[in-house]
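To start, the structure under review is shown below, and the notes come after it.
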Amino acid sequence: MDGNGRWAKKRLLPRKFGHREGVKTIDRIADCVFERGIKYLTLFAFSTENWKRPADEVSGLLSLFAGYLRRKVPKMVKNGVVLRVIGSARGLDEKTRKLIDDAYEKTKNGTRGVLTVCFDYGGRADIVAAVNKCVESGTLVSEETFPGFLQTAGLPDPDIVVRTGGEKRISNFLLYQMAYSELYFSDTLWPDLTEKDLDGILSVYARTDRRFGGVDEDDNI
Ligand code: IPE
Ligand code: MG
């Protein structure tokens with residue numbers, strides 16, 4: 001979800017207004033995603049590197065996150081959406097950690113879909129921690145066992161990864177998990193992303209020929 005700061009800057013507003021608007025986009029897009037029968041939506045909200053931002057921006061993002069958790073749970077329970085948070089949680093206060101646990105406890109039986117928010121998440125940190133868990137438990141690392149040690153355990157690998165805001169890079173997102181994901185880079189700033197944009201992205205995805213390193217049936221002659 002990139003481009004909140006630029007959205008605000010274009011309007012001569014402080015960056016926090018862009019982040020606020022970005023939260024509204026989460027609601028809009030998450031609703032559309034689950035309405036269309038997609039079962040898993042994973043959002044990169046705050047990276048392990050985002051702590052480098054100015055203290056007031058970081059604290060603004062932390063309080064937006066806590067507010068989101070506090071407000072959204074009843075609706076998610078009603079809609080049957082599981083709210084799961086992954087990331088280190090080390091830099092979060094006790095209250096926010098409790099909100100994370102409560103959100104999952106209250107929503108975990110939902111069957112409509114899973115919304116995973118990556119907060120203080122880094123793909124490298126995830127892999128390194130998983131390797132250490134394997135070593136500590138004496139598990140031989142294999143492609144079968146390893147994903148179960150990542151923080152995304154239980155989630156399927158993403159079919160498509162969408163980055164808004166025009167940059168064409170991965171920025172330490174789900175590094176192991178996106179080995180075969182389709183990548184979609186949109187110039188639209190996250191707060192501007194609409195239902196129509198989402199449908200455009202999904203129709204590009206629907207036309208994609210995914211071979212996972214193989215060849216198409218009809219090319220096999
Ligand atoms: C993404 O928007 C939101 C977070 C990283 C929390 P940015 O804040 O990176 O927005 P730009 O890139 O400055 O426009
Ligand atoms: Mg950015």
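In each ligand, atom 1 is the first atom listed, and ligand 1 is the first ligand listed.
Classification of K98 and D102 as a salt-bridged pair holds, one side-chain N sitting under 4.0 Å from a carboxylate O. By the 4.0 Å N-to-carboxylate-O rule, R90 lies too far from D120 to be salt-bridged with it. Salt bridge annotation for E136-K133: absent, with no cationic side-chain nitrogen under 4.0 angstrom from a carboxylate oxygen. Electrostatic pairing of D209 and R211 counts as a salt bridge here, judged by a charged N lying under 4.0 Å from a carboxylate O. Contact check on R36 versus E195 returns a salt bridge, with a Lys/Arg side-chain nitrogen under 4.0 Å from an Asp/Glu carboxylate oxygen. Looking at K75 and D31, a side-chain N of the basic residue comes within less than 4.0 Å of a carboxylate O on the acidic one, giving a salt bridge.
Closest to atom 2 (O) of ligand 1, if we only count protein heavy atoms, is N4 N, 3.2 Å. Annotation: atom 1 (C) of ligand 1 to nearest protein heavy atom, M1 O, 2.9 Å.
The distance from ligand 1 to the heavy atoms of L61 drops below 4.0 Å at these ligand atoms: 6 (C). Within ligand 1, the atoms closer than 4.0 Å to a non-hydrogen atom of H19 are 3 (C), 8 (O), numbered from 1 in the order shown. Every atom of ligand 1 with a heavy atom of G5 under 4.0 Å away is listed here by number and element: 7 (P), 8 (O), 10 (O), 11 (P), 13 (O), 14 (O). For ligand 1, the atoms lying closer than 4.0 Å to a non-hydrogen atom of N50 are 5 (C). For ligand 1, the atoms closer than 4.0 angstrom to any heavy atom of R53 are 5 (C), 7 (P), 8 (O), 9 (O). Per-residue contacts place A45 under 4.0 angstrom from the following atoms of ligand 1 (heavy atoms of the residue considered): 4 (C), 6 (C).
Among E167, E49, K16, R15, the residue whose heavy atom lies closest to atom 13 (O) of ligand 1 is R15.
Note on ring orientation: taking the six-membered ring where Trp is involved, the planes of Y121 and F173 are perpendicular (angle over 60°, cut-offs 30° and 60°).
At least one N, O or S atom of D2, from either the backbone or the side chain, sits less than 2.8 Å from the Mg ion (ligand 2).
For G165, the heavy-atom gap to ligand 1 stays at 4.0 angstrom or more.
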